[in-house]
K.L.:
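Submitted below is the structure of interest, expressed as structure tokens.
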Amino acid sequence: MYSYPLVVKAIWFDESLNELCWINTTKLPHEEEVLCSSDPARVAKAIRDMEIRGAPAIGVAAALVVGAYALKIAGRSLEEFTALINNAIHILLKTRPTAYNLFYALTKMQRSLREALSRTSDTYTLAKKLVETALEIYREDVEANLKIGEYGAELVPEEATILTHCNAGALATSAYGTALAVIRIAWYKGKKIRVIATETRPLLQGARLTVYELVKEGIPLTLITDNSVGLLMRKGKIDLVVVGADRITRDGYVVNKIGTYMIALAAHKHKIPFYVAAPTSTIDIEHTIDQVIIEERDPAEVKYVMGKLITLEQVNVYNYAFDITDPELVTSIITELGIIRPPYNETIPVNIARKLTT
Ligand code: MRU
């Protein structure tokens, strides 16, 4: 399944335990804690607390734990089995409102259960089907990571300094990442890549996770504070930007980690290509950008850094987890189907329709 070395793995299905396993990303880069569970409530907590994070990883993990849980409760009455599965899906859907992959994966699981129920009432057969569907969603993500990497690498010059924000890497997906898959595969193809990683306040996914992954892989990188981006662009130190996405609407609005929009604006001003790498499971063709909920998180994440209070406890805080980048700031969107170019309100629907008919 993997055609390049995989130095880090965020989530996987352990077939001897019949459990979802994950690396607790809140402990990285200093501790590599692996946790396993088949309890949807425990995994919902892991997603909410960001032990598991990154849109594709969230979706795949939710599907895998539903499969694991189904195996655990197989043998109960059909009514109890379906009620418990529906409740598990309901709990998982409530964890993070912005990441579209969560809705994509859990809707697939619901559909799979409905279809299987029309053929059988044996809960062991239903559980097996749910695991199969979850593993398909997992493999689809691995495959998408690879294709995004291959297509994206074509856009990278032979020598380039690439800026990325947050962590859209192995620690956010099932395999190579999205933005980091582009960087990885360009690197494996022998291109001379240097990476600039923003630290990504408040939870420091860039400083903790992107640095951890790229150092492990030996890809040269420099860490910057989030507010250094404009100066580095002005100094000509960045050739292109590649970031991931939590949700892309059918007209090309990109919802991604808070700070992405400011990077896109600065890139536009300095005529630097701004690429978004994401699987089509991140594309929401149903909702307009005004209907998308931007997650707001606990103010404590801003007031405390690594457990230390850095301001006054009583201060008001805005802690939006994501922002919105307008389509006209996005040079192109790198998906597993290929490169999608503007005008996105035409090209995105065409590509999604193509996906649905193949
Ligand atoms: O809050 P997080 O860490 O889950 O946010 C992650 C991002 O914003 C990523 O860029 C996005 O999910 C894409 S990951 C391939």
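Note that the coordinates shown come from a computational prediction; the quantities given were computed from them, not determined experimentally. Atoms considered below: every heavy atom in the structure, side chains included; atoms not considered: hydrogens, waters and symmetry mates. Note that ligands are numbered from 1 as they come in the structure, with each ligand's atoms numbered from 1 the same way.
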K.L.:
Under a 3.5 Å distance rule, please check whether Thr25 uses its side chain to pair with a backbone N or O of Met50 as donor and acceptor.
P.N.:
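Yes, because the side chain of Thr25 sits within donor-acceptor range (under 3.5 Å) of the backbone of Met50.
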
K.L.:
I'd like to know if the side chain of Lys191 and the backbone of Ala153 have a donor-acceptor N/O pair within less than 3.5 Å.
P.N.:
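At least one qualifying donor-acceptor pair exists.
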
K.L.:
Given Val43, which partner from the list Ile58, Leu20, Ile11 fulfils the side-chain contact (heavy atoms from CB on, under 4.5 Å) test?
P.N.:
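Per the side-chain contact (heavy atoms from CB on, under 4.5 Å) rule, the option paired with Val43 is Leu20, out of Ile58, Leu20, Ile11.
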
K.L.:
Linking Ile, Leu, Val, Met, Phe, Trp and Tyr through side-chain heavy atoms less than 4.5 Å apart, which residues share a cluster with Ile91?
P.N.:
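Taking Ile, Leu, Val, Met, Phe, Trp and Tyr as members, Ile91 stands alone, with no cluster partners.
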
K.L.:
Using a 3.5 Å cut-off on N/O to N/O, what pairs does ligand 1 make with the protein? A line per pair would be great.
P.N.:
{"residue": "ligand 1", "atom": "1 (O)", "partner": "Arg96", "partner atom": "NH1", "Å": "3.4"}
{"residue": "ligand 1", "atom": "1 (O)", "partner": "Arg96", "partner atom": "NH2", "Å": "2.9"}
{"residue": "ligand 1", "atom": "1 (O)", "partner": "Lys257", "partner atom": "NZ", "Å": "2.7"}
{"residue": "ligand 1", "atom": "3 (O)", "partner": "Arg53", "partner atom": "NE", "Å": "2.9"}
{"residue": "ligand 1", "atom": "3 (O)", "partner": "Arg53", "partner atom": "NH2", "Å": "3.0"}
{"residue": "ligand 1", "atom": "3 (O)", "partner": "Gln205", "partner atom": "NE2", "Å": "2.9"}
{"residue": "ligand 1", "atom": "4 (O)", "partner": "Gly54", "partner atom": "N", "Å": "2.9"}
{"residue": "ligand 1", "atom": "4 (O)", "partner": "Arg96", "partner atom": "NH1", "Å": "2.7"}
{"residue": "ligand 1", "atom": "8 (O)", "partner": "Asp246", "partner atom": "OD1", "Å": "3.0"}
{"residue": "ligand 1", "atom": "8 (O)", "partner": "Asn256", "partner atom": "OD1", "Å": "3.1"}
{"residue": "ligand 1", "atom": "8 (O)", "partner": "Lys257", "partner atom": "N", "Å": "3.3"}
{"residue": "ligand 1", "atom": "10 (O)", "partner": "Asn256", "partner atom": "OD1", "Å": "2.7"}
{"residue": "ligand 1", "atom": "12 (O)", "partner": "Ala55", "partner atom": "N", "Å": "2.9"}
{"residue": "ligand 1", "atom": "12 (O)", "partner": "Asp246", "partner atom": "OD1", "Å": "2.6"}

K.L.:
When you compare the side chains of Ser16 and Asp14, does any donor N or O come within less than 3.5 Å of an acceptor on the partner?
P.N.:
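Judged by distance alone, the side chains do pair up.
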
K.L.:
Does NE2 in His268 sit with more than 12 non-hydrogen atoms of other residues, nucleotides or ligands closer than 6.0 Å?
P.N.:
no

